[in-house]
Amino acid sequence: MKSLLNKPFFSMFLRILFLLPHIFNLSSTFAFAEQTPPTTSLFGNNREVEALLKWKASLDNQSQSPLSSWAGISPCINWNGITCDNSGSVTNLTLADFGLRGTLYDFNFSSFPNLCVLDIHNNSLSGTIPHEIGKLKSLFAISLAQNNLTGLIPSSVGNLRNLSKLFLWGNRLSGSIPQEIGLLGFLNELDLSDNALTGGIPYSIGNLKNLLALFLFQNQLSSPIPSSIVNMTMLTDVALQQNNLTGVIPSSVGNLRNLSILYLWGNVLTGGIPSSIGNMTMLTELSLSQNNLSGRVPSEIGQLGSLMVLRLYDNKLHGPLPLEMNNLTHLNILSLGTNEFTGQLPLELFKGGVLVKLIAPYNYFSGSIPKSLKNYTNFYRVRLDWNQLTGNVSEVLGVYPHLDYIDLSYNHFYGELSSKWGGCRDMTSLKISNNNISGEIPPELGKATQLHLIDLSSNQLEGTIPRELGGLKLLYKLTLNDNHLSGAIPPDIKMLSKLETLHLASNNLSGLIPKQLCECSNLLLLNLSGNKFTESIPLEIGLLHSLQYLDLSCNFLTRVIPRQLGQLQRLETLNVSHNMLSGLIPSTFNDMLSLTTVDISSNKLQGPIPDTKAFHNASFEAFRDNMGICGKASGLKPCNLPESSKTVKQKSNKLVILIVLSLLGCFLLVFAVIGALCFLFKRARKRKAEPENEQDRNIFSILGHDGKKLYENIVEATEEFNSNYCIGEGGYGTVYKAVMPAEQVVAVKKLHRSQTDNLPDFKAFEKEVCVLANIRHRNIVKMYGFCSHAKHSFLVYEFIERGSLRKIITSEEQAIEFDWIKRLNVVKGVAGALSHLHHSWCPPIIHRDITSNNILLDLEYEARVSDFGTSRLLMPDSSNWTAFAGTFGYTAPELAYTMKVTEKCDVYSFGVVTMEVMIGRHPGDLISTLLSPDSSSSSSMPPIAQHTLLKDVLDQRISLPRTGAANGVVHMMKIAIACLHPNPQSRPTMEQISLELTTKWPPLPKAFCTIILGDLF
């Protein structure tokens, strides 16, 4: 937004806006001498003639043509841009928009004693403003704006005591504003904006008591706003935005009772909004955005009954908005984004019927939007994204005939999309991602033909993609990922010729990838990962020559990679992992020089990798689990032995081969017969010992290892899973420590027999093992794979030295070593791991059993989340409704009446673990207190006991936290309480939590969670 406002056309718009009240006065000023036709002397003033012709001669030849009328002995007779008085002396020099090129160095200012108006704006004059300009003692209006003037503003401007208007804006002037400017006591308008001025606003500016308009915006001015500005009581327009002004807004600003426009945005102002601002009852526009203002919005702002524009976005303001804001019924624009506001929006504002822009993203607004909003028809732009708002979207939002942009993303809205929204014929952007919207995408959206962008990602949408969306000819971005959409991609997608982004990942789409996609020739990003597409990759994708990002991973694609993909010369990211692609990587990939990131893992590919930087620099994870890839990359074998080695080896072995070949032929038949007899004998014995159907149960899916051999090693290392090797128990099985022959230590979770009775089919199962084994995160225990045998089934993980978090907490000795900083880092690590599982995989991986038993600590007290893959392997179809095998005391309360498992179940369990880390024990009773209803409270958030001190519930085995650690503990407890909210939709996401915890735990607003812990410490 800020970059847009920096553009020249916006500066011009501001000036037109600000100067409207004075435009007629300006016109009359610059046309001063034209009001009474002058009578001129026969020859005019020779000194002025010489000065004008000399200056004309100094200008660039090409720019002199507008001055071709400057000829003869009198400038008062038909000289363009010149007006004279009765004596024949020049009074007005008005050369605006003449295309003049040159400097003012040869302009003899002392030759014009009667010059009243000097207007040379919008030319190409360069150089500095000469000091001699101070000799124009009669001057009362000067405009040198919109040139290329550089250097300082000369202090001699203080000599222009009759000056009423001084316009130097739109140049490249530098240095400070001279103190002498305070001598211009008759000045009405001062515009020095859009330069490179530095320093502070001079205190002497307060002497300009007749000033009506002060424009200093878009410079590099620093230091506080001088308190003397309050002496300028005639001011109507003040624009100081886009500088580096510091300090607070002076409380005495309320003395400027005639002020209509106050722009202070884009500075470094601190402190609060002074309550005296309520005295400025003439104010129509107030913009304080993009500063570091803090505190609450004063209730006195409700006294500004004439206010039409209020912009407070991008500050550190917090708390609920005052109810008095409901009095601002003349507001056209309300911008509150990127603050820490809480509570409800000022809903009465809509009753005025004039609000057209409501911008309030990135706050903590909660509650519902009134249903009366459905009948409101004036909206042009609405942004309420990244809040905690709720309500049924189909009940609160209506048809807005003038609506251009709406964004309700990252809230708690539910319900279905209304088919009536197709009537929003001017709408260009529709964004309602990351909510709980259900139902189908209404085909009627195809009637909103001005749509450029649709983002409905991360909801619960079902059904198919409507073919009617193909009628949106202007659409350049379609984002529907992370829903439950099914069916095929409609071939009508080819009609979206302007489409640049198509993101359909993590759905249940199936069938073939339509070859008609090639007609979307402007595509830059194509993401179809995490679906059920089958058959081959269409070779027509190679025709998308603008494509930069292609992700087809996590599907069921087969056959070879089409060589036509090598035509994607602009492709930077390619991911075709976790499919069933086979054959060689096409040699045409050697031409893909723009490629920087590649992942072809978990397929059936073989042969050499392309000879490009992207493949050479890729990690082994990008190649693993294929048939036999080779080449110059990390972890890969070279494709061929050196030719010299092969020759020597062939010569040395040739004689041996000839000698033994005949002997081998003799013994081959004997060995074959004996081997066959042994095999049949062992097989007969094995069938007697095991049921026939159990042969299919011998599944070894240990990635990168000989699974059968490893199975035997693990059974041997644990002495057939002897209890002496047991290091823990979980909801799905028992964990053992196994030391392998190469001294590698692994953790083995032996599953209960009841968990493995109904394994899925091998292909889907193997695919799932591949997904889980490829998870790499510093706070997630690495999974090596899975063994399933008729006798034993187990998961194999890396071994983490210190063991479980519960073991640390319950040990008096270890708990004392487990200081507050370590505890805070453990919670941050767990949050990062869960955020990765929830938000970086297709579909999201829900842990289902977050407990202190399943969080392990290494020697550095770094947290590692364990046991994340068990439920996913054993219950692959359990993403929504399923039996839940969690641990009592950690499971979310909604599971008592519904078996719907979502990411918010993990969030609740995370809250329990976080509190357990802070208080040193399972917080069972404390949770009951937190979630108990309080009839005396009007808050929708769960209250905590009024007389409970935080220091009394913290782990008493270690000393109380100090300084930064104390802030972190309070922050963690607030987050934990937010995670324990009885309503799953009111809990934050793990992505939000992880983001909060990576910023050194700053204070959270009260709406994020309600915590009443007395005087804390």
Side-chain angles (χ1 to χ4, degrees), residues 1 313-314 334-342 344-345 357-369 373 379-397 400 403-418 421 424 427-439 441-442 445 448 451-461 469 475-485 501-507 525 527 835 838-840 842 844 902-904 907 984-996 1007-1008:
M1 183 68 180
Y313 69 89
D314 201 4
L334 176 60
S335 183
L336 306 171
T338 318
N339 280 287
E340 297 173 359
F341 290 125
T342 62
Q344 291 194 324
L345 291 164
K357 290 186 181 181
L358 176 59
I359 314 295
Y362 296 98
N363 280 287
Y364 299 100
F365 287 117
S366 58
S368 59
I369 299 177
L373 195 64
F379 273 136
Y380 173 76
R381 188 177 181 90
V382 178
R383 282 200 61 185
L384 299 175
D385 45 305
W386 290 92
N387 280 285
Q388 298 173 16
L389 298 166
T390 186
N392 189 322
V393 289
S394 60
E395 293 181 0
V396 299
L397 296 181
Y400 308 114
L403 186 65
D404 174 76
Y405 187 106
I406 184 167
D407 191 348
L408 305 179
S409 302
Y410 293 93
N411 279 287
H412 305 309
F413 292 113
Y414 56 88
E416 300 185 1
L417 301 175
S418 173
W421 292 352
C424 299
M427 183 165 57
T428 62
S429 296
L430 173 63
K431 302 176 71 174
I432 319 182
S433 71
N434 290 272
N435 281 280
N436 295 302
I437 310 300
S438 57
I441 301 173
L445 275 183
L451 273 172
H452 290 63
L453 184 154
I454 297 177
D455 186 356
L456 305 176
S457 60
S458 298
N459 281 290
Q460 307 294 326
L461 294 171
L469 296 186
L475 199 66
Y476 73 86
K477 186 171 184 179
L478 179 59
T479 308
L480 304 176
N481 56 286
D482 293 279
N483 280 288
H484 305 298
L485 299 172
T501 296
L502 179 60
H503 198 344
L504 305 178
S506 301
N507 280 288
L525 181 148
N527 191 340
S835 176
H838 289 185
H839 301 283
S840 299
C842 51
T902 68
E903 293 95 322
K904 293 303 178 72
V907 174
Q985 305 309 324
S986 296
R987 298 171 199 154
T989 66
M990 290 311 306
E991 188 175 44
Q992 291 170 323
I993 294 169
S994 182
L995 183 63
E996 290 280 347
F1008 195 70

I'd like to check the side chain to side chain donor-acceptor pair (under 3.5 Å) partners of [X]; sequence neighbours left out, ordered by chain and number.
{"X": "T501", "result": "none"}
{"X": "S835", "result": "none"}
{"X": "N459", "result": "none"}

Which of F379, W421, Y380 passes side-chain contact (heavy atoms from CB on, under 4.5 Å) with Y400? It is F379
Considering the options L502, I441, D455, which one meets the side-chain contact (heavy atoms from CB on, under 4.5 Å) requirement together with L480?
I441
Please answer whether the main-chain N or O of [Y] pairs with a side-chain N or O of [X] as donor and acceptor at a distance below 3.5 Å.
{"X": "S409", "Y": "S433", "answer": "yes"}
{"X": "N363", "Y": "L336", "answer": "yes"}
{"X": "N483", "Y": "L456", "answer": "yes"}
{"X": "N411", "Y": "L389", "answer": "yes"}
{"X": "R987", "Y": "K904", "answer": "yes"}
{"X": "N387", "Y": "F365", "answer": "yes"}

Using the rule given for side-chain contact (heavy atoms from CB on, under 4.5 Å), can you reason through N481 versus L504, listing the C-alpha separation, both sets of side-chain angles and the distance that settles it, and then say yes or no?
CA-CA 4 Å; N481 56 286; L504 305 178; 6.0 Å; no
For the residue pair W386 and Y362, does the interplanar ring angle fall in the parallel (under 30°), tilted (30 to 60°) or perpendicular (over 60°) class?
parallel
Compute whether any side-chain donor of one residue and acceptor of the other, for [X] and [Y], lie under 3.5 angstrom apart.
{"X": "D385", "Y": "Y410", "value": "no"}
{"X": "T428", "Y": "D404", "value": "yes"}
{"X": "E991", "Y": "H838", "value": "no"}

Quick one: [atom1] on [X] to [atom2] on [Y], what's the gap to the nearest 0.5 Å?
{"X": "L478", "Y": "H452", "atom1": "CG", "atom2": "NE2", "answer": "14.5 Å"}
{"X": "S994", "Y": "H839", "atom1": "OG", "atom2": "NE2", "answer": "9.0 Å"}
{"X": "L408", "Y": "R383", "atom1": "CG", "atom2": "CZ", "answer": "11.0 Å"}
{"X": "I432", "Y": "S458", "atom1": "CD1", "atom2": "OG", "answer": "13.0 Å"}
{"X": "I406", "Y": "L430", "atom1": "CD1", "atom2": "CG", "answer": "7.0 Å"}
{"X": "Q992", "Y": "T989", "atom1": "CD", "atom2": "OG1", "answer": "3.5 Å"}

How close do [X] and [Y] get, heavy atom to heavy atom, and via which atoms?
{"X": "P988", "Y": "V907", "answer": "O-CG1, 3.4 Å"}
{"X": "S394", "Y": "E416", "answer": "CB-O, 3.3 Å"}
{"X": "F413", "Y": "N435", "answer": "N-OD1, 3.0 Å"}

N434 and D482: CA distance, side-chain angles, deciding distance, side-chain contact (heavy atoms from CB on, under 4.5 Å) verdict:
CA-CA 9 Å; N434 290 272; D482 293 279; over 6 Å; no
Counting C-beta onward and ignoring hydrogens, is there a side-chain heavy-atom pair between H484 and L461 closer than 4.5 Å?
no
Taking the side chain as everything from C-beta on, heavy atoms only, tell me whether T479 gets closer than 4.5 Å to I454.
no
Step-by-step side-chain contact (heavy atoms from CB on, under 4.5 Å) determination, I993 to M990
CA-CA 5 Å; I993 294 169; M990 290 311 306; 3.9 Å; yes
Residues that K357 engages under salt bridge (Lys or Arg N to Asp or Glu O under 4.0 Å), provided they are two or more places apart:
none
Who pairs with D407 by salt bridge (Lys or Arg N to Asp or Glu O under 4.0 Å), at least two apart in sequence or on another chain?
K431
Sequence-distant partners of Y414, side-chain contact (heavy atoms from CB on, under 4.5 Å), two or more places apart:
T390, N392, N436
Using the rule given for side-chain contact (heavy atoms from CB on, under 4.5 Å), can you reason through R381 versus I359, listing the C-alpha separation, both sets of side-chain angles and the distance that settles it, and then say yes or no?
CA-CA 8 Å; R381 188 177 181 90; I359 314 295; 3.9 Å; yes
